[in-house]
*Asks:* 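Mind having a look at this structure? Questions to follow.
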Amino acid sequence: MAAQSYDVIVIGAGPGGYVAAIRAAQLGLKTCVVEREHLGGICLNWGCIPTKALLRSSEVFHLMERAKDFGLKAENIGYDLAAVVKRSRGVAKQLSSGIGHLMKKNKIDVVMGEASIPAKGKVSVKTEKGTQDLTAKHIVLATGARARELPGLEADGDLVWTYKHALDPVRMPKKLLVIGSGAIGIEFASFYNTLGAETTVVEVMDRVLPVEDAEISAFAKKSFVKQGMKIMEKAMVKKLDKGKGKVTAHIEVGGKVEKHDFDTVISAVGIVGNVEGLGLEELGVKVDRTHVVTDEYCRTGVDGLYAIGDIAGAPWLAHKASHEGVMVAELIAGKHAHPVKPESIAGCTYCQPQVASVGYTEAKAKELGYDIKVGRFPFIGNGKAIALGEAEGMVKTIFDAKTGELLGAHMVGAEVTELIQGYVVGRQLETTEEDLMNTVFPHPTLSEMMHESVLDAFDRVIHI
């Protein structure tokens, strides 16, 4: 039987993969998607979306506990963890089903199975019915990544969890250890801490949320501690001793090893790319620390083979993967493609309070040799924030003192994951401080703080 032939085969149906397939189909290319597990990938099924559904529940719970602050009465506040998880899984299922609809709408063939690339332009898929051979002039790798597991800290789904276990928990933790304070670790720490778990976060770096601006990290830490979290920085979990219903963690901090008991551990120490079993080495594809090495257009160096999303390296974000998917499809179709600029990709963390950023941190801007101007504006100076009962937070902006270029923006507080897009657009349009200062921001809104932060950088702030 002759192999089915396509213009484009996309391996992996996460955000980057399915977006690449849709854009390729829109451009008139005969397209096929190969997926081994579920449409939508980790993001829709076990990452971004279900996590945000859980966090929304904890946010509402937090507000209910503060009912008195708003002149309301809410007594005997509680939650049903199984129902919270059920809602989260339902949201994920709804969106995953939507991807199937988009595939049909755009006349994209979907083959469920395990893919490998035996030779250039060829894809072999192990399906439930046997092996299916496909060919294409262009192949896009979008196989994503999975949780990194360190020796001695392996997950078992009972006492030690990965993000997947934490999304569908076997119980509500009473005493929780979270290893790693990146976005994934802090989001789960925030969720379980809000619902009442006694939560400890261990971070090997010198501060939580280490990729964020140091000032924002410090602000966030202060808030986490105020909420009852224990934060251990410059600390490392050396090993875990599992007992009956408990785990003893050996934590090295300040040159000494301390022992602490927990009933649950969540390991969030990074990710590794899904590069195994694809046949990449035989093809001559360069892989560096489980991630495929590409140029700015996601080309692997092997003619007709591209890699996008988490498998292609940092930043490990769904929106970066989606943009790369569009770019690669347009490149294949002969269109003018726009490469991703990592420093213009926003990062969002949906903890309580939220954290969002784009561009350079203050330290990075100085390291790069910029003469900078820095502006700050606190939530307490904003009428809408006070009216919302969300007066804890800050907006920080960094400009090139010589050109007025917006180098970076960093926020912590309510809804900053929505606000950050204003600065993302500003950077894309190469906006200067003058453009931002002359823009009329609506009142009363949280966005006014963005304006005031810019004004503050140039000694023109009004409301502080």
Side-chain angles (χ1 to χ4, degrees), residues 8-26 31 33-52 92 95-96 98-99 102-103 106 108 110 115 138-148 163 182-184 211 270-275 278 280 285 287-300 305-332 337-350 356-358 417 420-421 424 428:
V8 181
I9 294 174
V10 181
I11 302 176
Y18 79 74
V19 169
I22 290 171
R23 186 62 185 132
Q26 288 175 342
T31 306
V33 166
V34 179
E35 171 56 49
R36 70 178 179 182
E37 201 167 357
H38 33 225
L39 297 177
I42 292 297
C43 178
L44 263 65
N45 294 278
W46 293 102
C48 321
I49 301 303
T51 309
K52 303 313 161 281
L95 286 167
S96 182
I99 302 303
L102 290 172
M103 295 296 102
N106 289 280
I108 298 165
V110 176
H138 303 278
I139 298 170
V140 181
L141 296 172
T143 53
R146 62 187 184 277
R148 181 187 300 277
Y163 62 86
I184 294 172
V211 302
I271 62 173
V272 292
N274 293 322
V275 294
L278 292 166
L280 299 183
V285 174
V287 177
D288 180 24
R289 289 169 290 181
T290 78
H291 297 286
V292 174
V293 177
T294 69
D295 66 8
E296 63 179 342
Y297 289 99
C298 295
R299 295 176 293 209
T300 65
L305 184 63
Y306 309 80
I308 64 174
D310 288 356
I311 192 179
W316 295 290
L317 300 165
H319 42 290
K320 172 254 197 184
S322 296
H323 186 91
E324 289 177 335
V326 170
M327 176 190 71
V328 165
E330 293 182 349
L331 193 67
I332 291 169
H338 298 273
V340 172
K341 297 177 181 177
E343 67 276 10
S344 291
I345 302 291
C348 297
T349 306
Y350 299 79
S357 60
V358 66
T417 56
I420 194 65
Q421 185 59 16
V424 173
Q428 183 65 25

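Note that these values count all heavy atoms, side chains included, but never hydrogens, waters or copies made by symmetry. Being a predicted model, the structure only gives us computed values, none of them experimental.
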*Asks:* Over all heavy atoms of both residues, which pair between I271 and A145 is shortest? Give the atoms and the distance, please.
*Replies:* CD1-CB, 3.6 Å
*Asks:* What donor-acceptor contacts under 3.5 angstrom involve side-chain atoms of residues 17-25, with partners at least two apart or in another chain?
*Replies:*
residue : atom : partner : partner atom : Å
R23     : NE   : E330    : OE2          : 3.0
R23     : NH1  : Q26     : OE1          : 3.1
R23     : NH2  : E330    : OE2          : 3.3

*Asks:* Would you name the heavy atoms of P315 and P342 that are closest together and state the gap between them?
*Replies:* CD-CB, 4.2 Å
*Asks:* Can you see which heavy atom on A147 is nearest to which on Y163, and at what distance?
*Replies:* CB-CE2, 3.6 Å
*Asks:* Would you call Y306 and I332 a side-chain contact if the rule is heavy atoms closer than 4.5 Å?
*Replies:* yes
*Asks:* What pair of heavy atoms forms the shortest contact from P15 to G40, and how long is it?
*Replies:* CD-O, 3.8 Å
*Asks:* How many angstroms lie between atom CD1 of I311 and atom CG of L278, to the nearest 0.5 angstrom?
*Replies:* 6.0 Å
*Asks:* Yes or no on side-chain contact (heavy atoms from CB on, under 4.5 Å) for L141 and L280, after CA distance, side-chain angles and deciding distance?
*Replies:* CA-CA 10 Å; L141 296 172; L280 299 183; 3.7 Å; yes
*Asks:* My understanding is that only one of L305, I11, I9, I308 makes a side chain to side chain contact (heavy atoms under 4.5 Å, CB included) with V140; could you say which?
*Replies:* I308
*Asks:* Kindly give the heavy-atom pair with the smallest separation between G12 and V33, and that separation in Å.
*Replies:* O-CG1, 4.4 Å
*Asks:* Check whether any side-chain N or O of E296 sits under 3.5 Å from a backbone N or O of P339 as a donor-acceptor pair, and report yes or no.
*Replies:* no
*Asks:* Using 0.5 Å steps for rounding, measure from the CD1 atom of I99 to the NE2 atom of H38.
*Replies:* 12.0 Å
*Asks:* Determine whether Y350 and T417 satisfy the following criterion, side-chain contact (heavy atoms from CB on, under 4.5 Å), listing intermediate values before the conclusion.
*Replies:* CA-CA 7 Å; Y350 299 79; T417 56; 3.4 Å; yes
*Asks:* From the options T290, D310, N274, select the one residue that forms a side-chain hydrogen bond (donor to acceptor under 3.5 Å, both in side chains) with R146.
*Replies:* N274
*Asks:* To check you understand the geometry: which heavy-atom pair defines the closest contact between G309 and E324, and what is its length?
*Replies:* N-OE1, 2.7 Å
*Asks:* Looking at V340, L317, V328, I345, which one forms a side chain to side chain contact (heavy atoms under 4.5 Å, CB included) with H323?
*Replies:* V340
*Asks:* Surrounding CG of L39 (heavy atoms of other residues, nucleotides or ligands, distance under 6.0 Å), is the total greater than 12?
*Replies:* yes
*Asks:* Under the 3.5 angstrom rule, does the side chain of D295 hit a backbone N or O of Y297 as a donor-acceptor pair?
*Replies:* yes
